[in-house]
Amino acid sequence: MPKSLRSFLEECRREIPNEVVHITKEVDPAHYDVTAIIKHLGAMKKFPILVFDRPRNLHGQVSNEFKLVMNCEISQRKAQIALGVPRQTDRTRMAEVCLEREEHRIPPIVVDKKSAPVKEVVKKGGDVDLYELPIMRHHYMDGGPYVVLSTITRDRKSGIYNCSYHRMEVKSKNKTALYASPRHLWKIFRDHEDNNRECPVATVLGHHPAYHMGACYSGPFEVSEFDIIGGYLQEPLRLTPSETFGEDLLIPADAEIVIEGALIPGKRIVEGPFGEAPGYLGPQRYTTCVHYEVRAVNYRKGGMYQSVITPEGDKPWMDLPREGAYLRRCREAVPGVTSVCKMGRHAHYNVFISMKKMSEGDPGRAAAAALTFDHTKNVFVFDDDIDVYNPTDILWALATRVQPHRQI
Ligand SMILES: Cc1cc2nc3c(=O)[nH]c(=O)nc-3n(C[C@H](O)[C@H](O)[C@H](O)COP(=O)(O)O)c2cc1C
């Protein structure tokens, strides 16, 4: 059976039965019920997978067609199950597993629509209604309800597929405002826009966590991220034609829900404010917020809608691929690098590196490599006796080993 969110939940029910909790009471995700439950549990250091069986949709009605699944991304154990590695696997090894999976890419295969669970229900054109989905408002003062998962685009010239996360504010039943920082999706969209063409697009709203981990890949533009996702899944990702663009835009056959349509050239929509990953309310944005016109919704019966609430703690499905990417980059500069920690909310800006130092220049070279990447502001480099995943180790080393006038 191909890997899917359902196969992952089955595995979790077997391996960590107390970590899969069904909420059978009605909840209203658009009015913070789900946020409140997650925050209260988090304050108790509890991060079970939450399956909301009776979420309201954006019409305010209990959804008969969709469930809402949250928290699949939190905890090391769940990431171990997603990657299929033993529970003893430590964090550095897990980041290395991510690097290995990215190296051992597996190309996707195409299946016809009849063999694709995501085609069990298809709504197109005037029947498209995003308000039927149990979409969340994440935080107080967010501009509106938001979809937060990964989006598929395709380079016009090479045909290479890109997958990347982009929040999108739902503006009407078939319109969202997608926020794109100047990375690969933006490059692909702008190339279409410069040629006055619509940019085909699809967004996966539920899949196996290994799919989502692969979609976090940060690497060269030329690499097809469906191959990377195959590496993470350890099997070919099954794809099927989209409704809007047929074979020209393939979508994951075993996803729970996929919305698809076009990014419209020459149109921008105001989006935000939004409670952002670093823990602050971000401003409204405009110039890089693109009009995403949704033209079809594909879903499995009983579709499990997923979202991620912006990270507060460790979110291995995002942090691990990122740690792998830092490990790759820092080891290119300094082979003796042993670990790179990028986990937790502060890790958006802080990087903790440990290494077996072989020359005096090594720490500076590793730090410089880390600073060229992502949002890094502060880099801390330690000897390899320090566990960079342990805050007490870090504070002890900073207190006893740093000579600020010489080393900062
Ligand atoms: C949960 C989550 C939400 C994100 N939201 C956005 C977003 O709204 N806009 C954006 O440009 N990047 C966002 N990112 C970051 C990009 O998805 C990430 O940098 C991605 O690796 C870029 O892919 P690329 O290297 O293929 O361009 C988000 C990442 C995660 C994990």
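Keep in mind that this is a model prediction, so the values were computed, not measured. Order of listing sets the numbers, starting from 1, for every ligand and every atom in it.
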Return the option from [options] holding the heavy atom at the smallest distance from [atom].
| atom | options | result |
| --- | --- | --- |
| atom 14 (N) of ligand 1 | Tyr165, Phe274, Tyr161 | Tyr165 |
| atom 23 (O) of ligand 1 | Cys289, Ser164, Ala180 | Ser164 |
| atom 8 (O) of ligand 1 | Glu276, Arg167, Glu73 | Arg167 |
| atom 27 (O) of ligand 1 | Glu169, His184, Arg285, Met318 | His184 |
| atom 19 (O) of ligand 1 | Met213, His375, Arg322 | Arg322 |

Using non-hydrogen atoms of the residue, decide whether Lys187 is closer than 4.0 angstrom to ligand 1. no
Can you tell me if Trp186 contacts ligand 1 (heavy atom of the residue under 4.0 Å from the ligand)? no
Expected list for residues 218-231: side-chain donor-acceptor pairs under 3.5 angstrom, two or more places apart:
residue	atom	partner	partner atom	Å
Glu225	OE1	Cys163	N	3.1

Taking only heavy atoms of [X] into account, list the atoms of ligand 1 that are under 4.0 Å away from them.
| X | result |
| --- | --- |
| Tyr179 | 7 (C), 8 (O), 9 (N), 10 (C), 11 (O) |
| Ser218 | 21 (O) |
| Ser181 | 10 (C), 11 (O), 12 (N) |
| Glu225 | 26 (O) |
| Asn162 | 26 (O) |
| Cys216 | 21 (O) |
| Val308 | 1 (C) |
| Tyr217 | 21 (O), 25 (O) |

Calculate, to the nearest 0.5 Å, the distance between atoms CZ and CG belonging to Arg137 and Asp28 respectively. 8.5 Å
For the NE2 atom of His184 and the OG atom of Ser164, what is their distance to the nearest 0.5 Å? 9.0 Å
Which heavy atom of Leu239 sits nearest to which heavy atom of Pro108, and what is that distance? CD1-CB, 3.4 Å
The test is salt bridge (charged side-chain N to carboxylate O under 4.0 Å, His left out); show your working for Arg295 and Glu293 and say whether it passes. CA-CA 6 Å; Arg295 296 185 182 159; Glu293 188 177 289; 2.9 Å; yes
Does a side-chain heavy-atom distance below 4.5 Å link Glu19 with Arg77? no
Within-4.5 Å side-chain heavy-atom neighbours: Leu263 and Glu198: no
Out of Glu256, Lys123, Lys119, which one pairs with Tyr299 under the side-chain contact (heavy atoms from CB on, under 4.5 Å) rule? Lys123
What orientation do Phe274 and Tyr146 show, parallel under 30°, tilted 30 to 60°, or perpendicular over 60°? tilted
Is the terminal nitrogen or CZ of Arg268 (NZ for Lys, CZ for Arg) located under 6.0 angstrom from the six-membered ring centre of Tyr286 and within 45° of that ring's axis? no
